[in-house]
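Some notes on the structure that comes next.
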Amino acid sequence: MPELPEVETTCRGIAPHIVGTSIDHVLIRDARLRWPIADDLAARLTGQRIVSVERRAKYLIISCDDGFILAHLGMTGSLRITSLEDPVKAHDHWDFMLSGGAVLRYHDPRRFGSLHYIAGPQLQHPLLTSLGPEPLSEAFTGVYLYQLSRRRKQAVKLFLMDAKIVVGVGNIYANEALFAAGIDPRRAAGRVSLRRYELLAAHVKRILASAIERGGTTLRDFVGGDGKPGYFAQELSVYGRANQPCIGCHALLKEVRLGQRTTVYCSTCQN
DNA sequence: AACGGCACCTGGTCGC
DNA sequence: TGCGACCAGGTGCCGT
């Protein structure tokens, strides 16, 4: 899935086409997502004007006149602007037909994504309540990571991927940031120094920003709001490169499982 | 409270 | 060529 850069790319890609339009028609072809799409969602959305689109964590938040649309892309979701002439494919779950003729179409083979509508002036939802800070915000710093990690025995990679600690960092970017910071992903979070957390926070910010500039990472099927893939995959230093030479020291990269997720690192450069 | 593990899905790839 | 095993960008929830 989409990690933060891919969701941000989607957000920026669809925004110019949907903000200011109204939702003329909602077509739910397959309501089976992580949670079934509510039966009344189409009726509640029809006729509303789209005021803005933003990203929070890996969620897209589409603000309308009378409430908020909350969408998550799961592992294989993509949201793009298309037209009515574009043939519908398998796993195209829903369409919003917009004034002006554009269609916002959601595609998700594995169905881990979601779509909710929250009525009212306040964006409040259980899925949003315990999220940590945005990694690209000023609240996310080395000091912050250091303070929250004291006495924690969990591997630092899992700590970094915990959305209660910081949002948006998934498996790809956690691997990359830890490599860049020279930290062994297996190291207990509580045994990483302040100095190294400062390095880690800086690399997380740098790598995410760079990936956003490249339109995200496309491994298989991710496409941005314009339907085009991202180009950050060619910049990856360790993700997907187990048993290949480290770009720094040329030793072969190692692979381990941490929290059921494949973890790749250099045992020479990371400790 | 913190942590590990499972579950939810489809589809692509790999080895036999 | 076919088939089963395994893996994949996430995350809520369960049990310990």
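Hydrogens, waters and symmetry mates play no part in the numbers below; they use all other heavy atoms, side chains included. Quick caveat: nothing in here was measured; it's all calculated off a predicted structure.
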| ILVMFWY clustering at 4.5 Å (side-chain atoms), partners of A:Leu199 | none
Rounding to a whole Å, what distance do you find between [X]:[atom1] and [N]:[atom2]?
X        : N      : atom1 : atom2 : answer
A:Leu160 : B:dC3  : CG    : P     : 14 Å
A:Arg261 : B:dG4  : CZ    : P     : 15 Å
A:Ile172 : C:dC7  : CD1   : P     : 18 Å
A:Tyr59  : C:dG10 : OH    : C1'   : 9 Å
A:Leu258 : C:dA8  : CG    : P     : 13 Å
A:Leu73  : B:dT10 : CG    : P     : 19 Å
A:Arg151 : B:dC3  : CZ    : P     : 12 Å
A:Asn175 : C:dA8  : CG    : C1'   : 13 Å

| task | Decide whether A:Thr262 and A:Arg257 meet the rule of one side-chain donor and one side-chain acceptor closer than 3.5 Å. | result | yes
| said: Nearest to the A:Leu158 side chain among B:dG4, C:dT11, C:dC7, which nucleotide is it? | reply: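 Ranking B:dG4, C:dT11, C:dC7 by closest atom to the A:Leu158 side chain puts B:dG4 first.
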Which distance, rounded to the nearest 0.5 Å, do you find between the [atom1] of [X] and the [atom2] of [Y]?
X        : Y        : atom1 : atom2 : answer
A:Leu145 : A:Gln147 : CG    : CD    : 10.0 Å
A:His91  : A:Asp30  : NE2   : CG    : 9.0 Å
A:Ile69  : A:Ile50  : CD1   : CD1   : 5.5 Å

Just by modelled atom types, is the [Y] backbone N or O under 3.5 Å from a matching donor or acceptor in the [X] side chain?
X        : Y        : value
A:Glu176 : A:Tyr239 : yes
A:Gln48  : A:Asp66  : yes
A:Arg29  : A:His93  : no

Has [X] got a side-chain N or O lying under 4.0 Å from the OP1 or OP2 atom of [N]?
X        : N      : answer
A:His91  : B:dT10 : no
A:Gln154 : B:dA2  : no
A:Lys153 : B:dA2  : no

| Is there a stack between A:Phe112 and B:dC8, judged by ring centres under 5.5 Å and planes under 30°? | yes
| Looking only at atom P, what distance separates C:dC6 and B:dC6, rounded to whole Å? | 14 Å
| field | Gap in Å between the two P atoms, one belonging to C:dC7 and one to B:dG5, rounded | value |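 Each nucleotide's P atom is 15 Å from the other's.
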Which part of the nucleic acid does [X] contact within heavy-atom distance under 4.0 Å: base, sugar-phosphate only, or nothing?
X        : value
A:Arg257 : sugar-phosphate
A:Tyr239 : sugar-phosphate
A:Phe232 : nothing

| request: Take A:Arg152 and A:Gln260, find for each the nucleotide of DNA chain B with the closest heavy atom, and name the residue whose nucleotide sits nearer the 5' end. | output: A:Arg152
| Pairwise 5' ranking along DNA chain B for A:Gly259 and A:Arg32, keeping only the more 5' one | A:Gly259
| field | hbond_proxy A:Arg111 side chain to B:dT10 base (donor-acceptor, 3.5 Å cutoff) | value | no
| request: Using only heavy-atom distances, decide whether a donor-acceptor pair under 3.5 angstrom links the side-chain of A:Arg110 to the base of B:dC9. | output: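 Pair found.
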| request: Just need the stems in DNA chain B: three or more back-to-back Watson-Crick or G-U pairs, each with both distances under 3.5 angstrom, sorted by first number. | output: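 Stems (3+ consecutive pairs) listed as B:2-8 with C:10-16, B:10-16 with C:2-8.
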